[in-house]
Amino acid sequence: MPYSPEVLLQLLQRFIKHPNKIKQVHSLLITDGYLLRGLNTQPHSKWMRTLLYNTLIRAHLNAGQTCKTLFLFTHMLANQAPPNSHTFPSLIKAAASSLPSFGRPLHTQVVKRGVLFDPFIPTTFVVFYGEHGSLRDAYKMFEEISLLCIVAYNAMLHASGKNGSVESALLIFERMPDRDIVSWTTVINGFWSNGYFAEAIQFFKKMMAHENIGNGLVKPNEATYVCVLSSCANFAGRGSLDFGKQVHGYILRNEVFLTVFVGTSLIDFYGKMGCLPKAMNVFTQMVPTEVCSWNAMISSLASNGREKEALDMFENMKREGLHPNEVTFVAVLTACARGKFVETGLKVFQSMSLDFGVVPTMEHYGCVVDLLGRAGLLKEATDIVRSMPLQPDASVLGALLGACKIYGSTELGDEVGRRLLELNQRHCSQYVLLSNTNAGVERWDYAAALRKDMVDAGILKIPAYSSVYLA
DNA sequence: TTAGGGTTAG
């Protein structure tokens, strides 16, 4: 006796966050023919198919299977289950997370089907265009929303910060009829992600002094703590250590336990401030220690002259049955480079892909070149640069150049320096030229976004280098 | 008919 579609729908909704169970229900839906047009002829069957597909799409999105999410949409169309306004937010999110090229076709579908009036859809597009389009596109979508609510405003705050315009985020924040903790956190995050650490801390202070905080209407959450702690950790100015400690105290007084996110941020904060005992203290207090907490602890040790302990920690971590990831290997290789443990470093580098399936990235190559270079093995370091499967970037060449300087290898140093300069100038001039051109016609948002791209790409503008003559 | 939209570490 097959289950009714209603029962299967209930099961889907109940297990919407359990990928394995979803697979089972999906199989039943297929074998019972509920997803197929024609087999089920009850009057409400079309509506039911749409509902089932919407829920399946959502479940696959939750499971991180973004390709399958979009694939289900094509099935949905083929089986004449008409998509409605509930279908698109999941699809746009799937596109945003890993298949941005689907954004435009989805936008066309939305317009064609006349569902843009629904506030959820333009809000999801604000997020999508904030991540993959431009601030302008995101704002266009924001303007489409007839009834603005706090979530839509927050999405726009995020899009602004993400595209390098904290100024617009602040203007929108001022315009908001009311703000919740996400609004405050998003602005703090906007400052933080654009490198304005002092401003992020100031804004957090402003939030804490706000009357809503006292009333208990707005309370900092995990994301807020992570952002403000990371700002303290990265802000080299006076008072950031003390302020971070105050935040820690606030957390201890107001939170029941340390979550992985907050704990890891605290370890990172104390590590960057050079307070190793404090970092270790937080680490040992965290019960469910996950890979990221170990990573933060290993990097803290590695960057505070305790390379040997960092390596011991790495061994302990493996003994505990945790699987190191790419961040772990950056930390471990850094420890090896700084401690001049050449042999161990090379072994770790080999084993990362062989034993742990972690494919070396540019950062790992940078660490190995640094490891060999610091030990004076310039030929070996050069061999790595020549044989690496990626085009070496400024960080890798910079590590090699550093070693040439230490060991007085002028010939090699000149060559590397030239390549580095070429790399920097080519990129820098292109970006600066483009950026200035756009600023010239008052496309400030675009100009700002380009300059942010430069920072993201690790292309630092050489202060005295200007491309005026090119313009 | 009520499944769908916003912030987070290494």
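In what follows, every chain begins at residue 1, and chains take the letters A, B, ... in the order their sequences are listed.
- N62(A) has its CG atom 11 Å from the C1' atom of dA3(B), to the nearest Å.
- Look at CG on D118(A): it is 16 Å from P on dT2(B), rounded to the nearest Å.
- The distance from atom OH of Y153(A) to atom P of dT7(B) is 18 Å, rounded to the nearest whole Å.
- Residue K93(A) has its side chain nearest to dG5(B) when only dG4(B), dG5(B), dT7(B) are considered.
- Side chain of P89(A), nearest nucleotide from dA9(B), dG5(B), dT7(B): dG5(B).
- Nucleic acid contact for P119(A): base, since at least one base atom lies under 4.0 Å from a heavy atom of the residue.
- Nucleic acid contact for T224(A): none, since no nucleic acid atom lies under 4.0 Å from a heavy atom of the residue.
- Computed from coordinates, the R49(A) CZ to dT1(B) P distance equals 19 Å when rounded to whole Å.
- Considering only side-chain atoms of T186(A), the nucleotide from dA3(B), dT7(B), dA9(B) that sits closest is dT7(B).
- When distances run from any side-chain atom of A152(A) to the nucleotides dT7(B), dG4(B), dG5(B), the shortest one goes to dG5(B).
- Atom CG of L147(A) is surrounded by 12 or fewer heavy atoms from other residues, nucleotides or ligands within 6.0 Å.
- A salt bridge is defined here as a Lys NZ or Arg NE, NH1 or NH2 lying under 4.0 Å from an Asp or Glu carboxylate O, and K219(A) with E255(A) meets this definition.
- Distances were taken from every side-chain heavy atom of T264(A) (C-beta onward) to each of dT7(B), dG5(B), dG10(B); the shortest belongs to dG10(B).
- Side-chain nitrogen and oxygen atoms of N189(A) include none within less than 4.0 Å of the OP1 or OP2 phosphate oxygen of dT7(B).
- Taking atom OH of Y270(A) as the reference point, atom P of dG10(B) lies 16 Å away to the nearest angstrom.
- Judged by a 6.0 Å distance limit and a 45° cone about the ring axis, K140(A) is not positioned over the six-membered ring of F125(A).
- Residue S85(A) has its side chain nearest to dG4(B) when only dG4(B), dA9(B), dT7(B) are considered.
- Remark: the W294(A) side chain and the T328(A) side chain contain no N/O donor-acceptor pair separated by less than 3.5 Å.
- Rounded to an integer number of Å, the gap from OH of Y129(A) to P of dG5(B) is 18 Å.
- The separation between E290(A) atom CD and dA9(B) atom P is 15 Å, rounded to whole Å.
- Residue T124(A) places no side-chain atom within donor-acceptor reach of the base of dG5(B), judged by atom type and a 3.5 Å distance cut-off alone.
- As rounded to whole Å, 16 Å separates atom P of dA3(B) from atom CD1 of I57(A).
- For L51(A), the listed nucleotide lying nearest its side chain is dA3(B); candidates were dT7(B), dA9(B), dA3(B).
- Ionic pairing of D312(A) and R306(A) is not present here: no N-O contact between side-chain nitrogen and carboxylate oxygen is shorter than 4.0 angstrom.
- Using a 4.0 Å heavy-atom cutoff across all strands shown, N54(A) reaches at least one base atom of the nucleic acid.
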